[in-house]
Every structure is written in structure tokens, then in C-alpha cells.
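The figures here come from the full heavy-atom set of this structure, side chains too, leaving out hydrogens, waters and symmetry mates. First the proteins, then the strands, lettered A, B, ... as listed; each starts at 1. Here the structure is a predicted model, which is why all the values come from computation and not from measurement.
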There are 2 protein chains.
Amino acid sequence: MRILQSKSIANQVDEILLERIRDGIYLPGSRIPSESELSDELGVSRATVRTALAKLAANGFILRKQGNGTYVNEHVNETSAHFGNLWDLAELISGNGYNPSIRFLSIDRRPATEKEALVLALEEGEELICLQRLFYADQQPVILADNVIPYSLLRAPIENIDGKLHIREIFEQYFHQKISFVLTDIRSTLMAADAQEFLSGKAGRAILQLQTIFYGKNNMPLALGVNVFDDSFLHLSLAQAWS
Amino acid sequence: MRILQSKSIANQVDEILLERIRDGIYLPGSRIPSESELSDELGVSRATVRTALAKLAANGFILRKQGNGTYVNEHVNETSAHFGNLWDLAELISGNGYNPSIRFLSIDRRPATEKEALVLALEEGEELICLQRLFYADQQPVILADNVIPYSLLRAPIENIDGKLHIREIFEQYFHQKISFVLTDIRSTLMAADAQEFLSGKAGRAILQLQTIFYGKNNMPLALGVNVFDDSFLHLSLAQAWS
DNA sequence: ATGGAATATTATGTCAGACAACTTTGTGGT
DNA sequence: ACCACAAAGTTGTCTGACATAATATTCCAT
């Protein structure tokens, strides 16, 4: 990866370092190069490196010790999700050690329910795009993902939508919207009949449900997501730094 | 709050700003003072203010726009937990709009099970302190919290322990340990008989379980926590900034 | 008056260099 | 072998400057 000008430099440094942690170039528990060394190597100022390191530390990837050095959190590999991407289902699957893939189930149009209209700031009955997808972990179906998006936001023919893309790419390509932040509600629920149709496992067992609201620029709600999965197979674990 | 020398200055600034957001001095959606104004007001350098702001941004509390300003996330009040304190049950309760209080149920000693010994890096059968507490939201019992801690870590008489303290204070006062980070596993489970005894609600309904491992210096595991609560009453919602 | 381009202002992002605070390691003397 | 001290290395904080981006203002041409 090279330093470009599109994203902020600090965010690019952040991604580079995160990639090195994921790839095992910086091993769990080991000390990473000092701020000065990184700033020399990457050709950015020490202040920029510090910004990136601060974000990684806030998200629990690294631990910093004054006068000593910066260390990779020894338990990064025991966590399946991280704060920057709790809503990223593919990351959740790969974080559990499986190979993620997506199956496109269906795409539909239907009027919004009262609750959906409220959350998405729409009139009741406005038309929604209904996207249903199934996430696989090593060929095994594990997450049933439903997303609803206001039809009025669509900027491309609906039949062009590639359901296998990442949700963030879908928004960029077909809706010309960028996700600025997300709000996720974690619920415990029982396996319903429609979910059981796609996910292996007995009906009536307790499973996790992630209800996600995506927001774009100016706090405009973009979409609503409901994702259910069996947490006995797919663990949802998070690391958090102390101070 | 005054700037002291004990904690890092940036962390103190962080806490001050967070307090102002919580207290509504900085309202959701509004723009907060610029970095220069804050550095003048608090008597610290702009670099230090930036460190604090970077952490708040990483945790979704604020949004930063180059050339424009820094804004409080409009939805802070819709989130019950934040990444820095998912394991902080009192914060979870107050984040839901209730007044938290703690009832001390029991404290016991028993040998560690095989699984507990593995997680806590102990010999099987080593003695554990078993702390059971009940968290209330406005006088209503909502969270059943079990914590197990190796007896060998205790640095004070066991009968002195005040079960109403924050878990972080318990570690500092009676174990002389500081929590450096925590690892939380979020599970969906069914209301068991022993939990139903303390929590209102029908048996067999789906509830959330937070399994937390506390780590101290040098990645030493300090304690194990199992907290169960009904997520239909106490919502677990998280905000995450995009990039 | 009005619309639009140029300019000024203000905010965050990045850079450079310096010193402070802290930890570890090495050195030398006893 | 032990202890006090110095040295080196790393993160934390400070200062000042410029770059970049968004917004507000001014001014001119229509």
C-alpha cells in the first residue's frame, strides 16, 4: 500500500499498521517499531504516526507504554470483531477463523412499515428495497442478513445490484452514498422459522441478532440491517483497552 | 476537574470533554469549541487536545470535519454503551436512562474448575474468590453479575471487600492490581433457573450474557466475569464511526 | 438588485524540532 | 556480587508553522 491523498494520511497509516498486525508481520505480544522509525519508513511525520497509533490503541489493538514501547495486544487473535467493524459481517467470519463468502438470496420492493419509516425518516408506505443475503463460513451458512434501503436513494437500475458486494461498496456504487457511522443494537432472540430455513440448527435455540442503522452525511439514515446468527458457532468477542 | 499529573494529560482532557458531552454542556449534533480554543481554555497544547479528540472520535462520540469543525455525534444518547466501557455495567444502566445501584449478594471461596483454571492461567483446583452481585436500574433488578478471582491475588482480608464498589476499584483496593484491558464475549442464552431467581422475567426467554476476562499488567489474567441481563429491558447498543 | 466568481476567514490535518517523563540497560566502583 | 549512577531509547507534551478543506464575505458584472 502506498500513501495516497484520497483518504487522510493518518487513516492510511492506520490501515497499513492494522494490515501488518493481521498478517502477522507484527506478532501478538511483540513490540512494534518506534514512532520515529515508522515515521522515517513511511515518510510521514511523527505526529501523523501518533494519530494512527492513538486510534489503534483506542480500539485495543496495541498497548503503549511510556519510556518502553508499543506492543501488539497479545489477544488480538482471540477477538472476532473490533470496534471499527462490528457491523462488518465478513470480518466477523474471518475473525472466527473461517473463510467468508456471500450468497445473494433475493431483492424485492415493498412499502415501509411504520417502524421502518420512523427509523429511516420516511413517510409510512414509502417504497423500500429489500435485500436478503446469506453469509457462509467455509461453505456453511451462518448469518442471515436482511437490509432495507429507501428506493428513493437508488441511483442505478435495481437489477444491476451485485448482492455479493460489501454493504459499503453497494452504497457507494448504486446509491452514491458514503457511510459516516453506524449504530448497532445487539439483541438476544430465538431462532425463528424463516431463519431456520437458511441456517443450520434447531428452532427455538437462543441466537444473536445485530440490528444496524447506517447513517450517511448530515446524519441521514441510509439503511436498516437485521443480521441473525448462532453465537455458539460464530463468537462475538471484543477487546477493549483500559484507559 | 483540574489537570493533574497522575494520569496522562491527554486522558484527563478526554475525561473532561466526555463529561461535558454526558452533562449536555456540549449538545448532540452541536459543534464543540475548536482545538485552539480548548487548548487555551484547558491550558494544554493543541497536540494534547488532538490526542484526546482522536480517542473520542475513534469511539464514536464526536465527528470531525476538516475545515469545518468537530461535532458531537447526534446519536450519543441512543447508545447505551461505548467501546471504552462495554464491561462497565453501571454505565450500561445509566446509558439506558436508569439510575444504577448495586446489591451485594454473596462472596465465597471454592476451587477452580478446569475451564476457569485454563482461562486464568492457574492450576486446576486452585482456590477462587466468588463474588455475586445484582445490579439494579431504578430499584428493579436487571443484571446478575458473577466474578471469580484467584484467591492468591488477594492483598486484604476477604471480609473487608465492599461488594458495592466498581469492579475496577475492587481490584485497586483489595488486590493492588490495575486493569489494563478486557476481553468480552457476547452470547445469547436462555434464562436459567438461578438467574430467574433474581431477575424478573419468565424462564426460558432469550437473554444476553457478557463473558468478560480482565487482564492486568503483563497480560496476566485477573478475573472472569459472567453477567446476564434481559436485553428487552436493557438495550446494548453501540455507535461506531466510519473511518 | 442579483448571481457568481474571487477573496478572506476559520477549522482541522500535517509537518518539523525540541524538551520532559519514564523505562531499560549498561557501566563502574565498592 | 551488589548498588548507585549514567546513558540510551521510547512515549508524552509543547511550540510554531504551513497545508488543506469548508464556509462566510466581498465585489464585480449583468
Side-chain angles (χ1 to χ4, degrees), chain A residues 2-17 26 29-58 61-73 178 180-181 216-219 241-243, chain B residues 2-17 26 29-58 61-73 178 180-181 216-219 241-243:
Chain A
R2 195 81 54 78
I3 301 284
L4 301 174
Q5 203 65 2
S6 55
K7 290 188 179 182
S8 78
I9 303 179
N11 275 335
Q12 294 178 60
V13 173
D14 180 276
E15 288 175 9
I16 291 175
L17 297 179
Y26 299 152
S30 70
R31 189 166 75 174
I32 74 174
S34 71
E35 299 176 351
S36 309
E37 289 175 294
L38 288 173
S39 94
D40 285 348
E41 180 206 339
L42 300 174
V44 300
S45 77
R46 203 190 132 205
T48 304
V49 171
R50 278 185 64 77
T51 305
L53 291 175
K55 185 179 168 190
L56 289 174
F61 290 102
I62 58 176
L63 304 172
R64 320 200 65 194
K65 301 181 183 178
Q66 181 173 3
N68 187 333
T70 303
Y71 293 82
V72 179
N73 188 332
K178 284 184 69 175
S180 69
F181 73 96
K217 296 269 181 191
N218 305 104
N219 289 301
W242 155 255
S243 101
Chain B
R2 197 79 55 76
I3 300 286
L4 301 173
Q5 200 66 2
S6 56
K7 289 187 179 184
S8 80
I9 302 178
N11 276 335
Q12 295 178 59
V13 173
D14 181 276
E15 287 175 10
I16 291 174
L17 298 178
Y26 299 153
S30 70
R31 187 166 76 174
I32 73 174
S34 70
E35 299 175 351
S36 308
E37 290 175 294
L38 288 174
S39 93
D40 285 348
E41 180 208 338
L42 300 174
V44 300
S45 78
R46 200 187 137 210
T48 303
V49 172
R50 277 185 65 77
T51 305
L53 291 175
K55 186 180 167 189
L56 289 174
F61 289 103
I62 59 176
L63 305 172
R64 320 200 65 195
K65 301 180 183 178
Q66 181 172 2
N68 187 331
T70 303
Y71 294 82
V72 179
N73 188 332
K178 284 184 70 174
S180 69
F181 73 97
K217 296 269 182 192
N218 305 104
N219 289 300
W242 155 256
S243 114

Whole angstroms only, please: what is the [atom1]-[atom2] distance between [X] and [N]?
| X | N | atom1 | atom2 | answer |
| --- | --- | --- | --- | --- |
| A:L42 | C:dT14 | CG | P | 13 Å |
| A:E35 | C:dA16 | CD | C1' | 15 Å |
| B:Y71 | C:dT10 | OH | C1' | 11 Å |
| A:R64 | C:dT23 | CZ | P | 15 Å |
| B:I32 | C:dT12 | CD1 | C1' | 12 Å |
| B:L38 | D:dC14 | CG | P | 14 Å |
| A:D40 | C:dG17 | CG | C1' | 13 Å |
| B:L63 | C:dT12 | CG | P | 13 Å |

Does [X] reach the side chain of [Y], with side-chain heavy atoms less than 4.5 Å apart?
| X | Y | answer |
| --- | --- | --- |
| A:L53 | A:I32 | yes |
| B:E35 | B:R64 | yes |
| B:K55 | B:N11 | yes |
| B:L17 | B:L38 | yes |

Note to self: For D:dT20, does the base pair up with any side-chain atom of B:Q66 as donor and acceptor (N or O, under 3.5 Å, distance only)?
What the structure shows: yes
Next item on the list: Mark yes or no for a side-chain to base donor-acceptor pair under 3.5 Å between B:R46 and D:dG16, with no hydrogen or angle criteria applied.
Entry: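 Per atom types, no contact qualifies.
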Notebook entry, point to check: In terms of the nearest nucleotide of DNA chain C, which residue is placed more toward the 5' end: A:V49 or B:E37?
Noted result: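 This one resolves to B:E37.
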Notebook entry, point to check: How is A:T70 classified with respect to the nucleic acid when contacts are heavy atoms under 4.0 Å: base, sugar-phosphate, or nothing?
Noted result: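 Sugar-phosphate: the residue A:T70, judged by heavy atoms under 4.0 Å, touches backbone atoms but no base.
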Check: Between B:T48 and D:dC14, is there a side-chain N or O to OP1/OP2 distance below 4.0 Å?
Finding: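 Yes, within the criterion.
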Notebook entry, point to check: Phosphate oxygens OP1/OP2 of C:dA11: is one of them under 4.0 Å from a side-chain N or O of B:N68?
Noted result: no
Identify which nucleotide among [options] has an atom closest to any side-chain atom of [X], counting heavy atoms from C-beta outward.
| X | options | value |
| --- | --- | --- |
| A:R50 | D:dT11, D:dT10, D:dC14 | D:dT11 |
| A:S34 | D:dT11, C:dT14, D:dT13 | D:dT11 |
| B:S45 | D:dC14, D:dT11, C:dA11 | D:dC14 |

Margin query: Under a 3.5 Å distance rule, please check whether A:R50 uses its side chain to pair with a backbone N or O of B:T51 as donor and acceptor.
Written below: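 Pair absent, no side-chain N/O of A:R50 close to backbone of B:T51.
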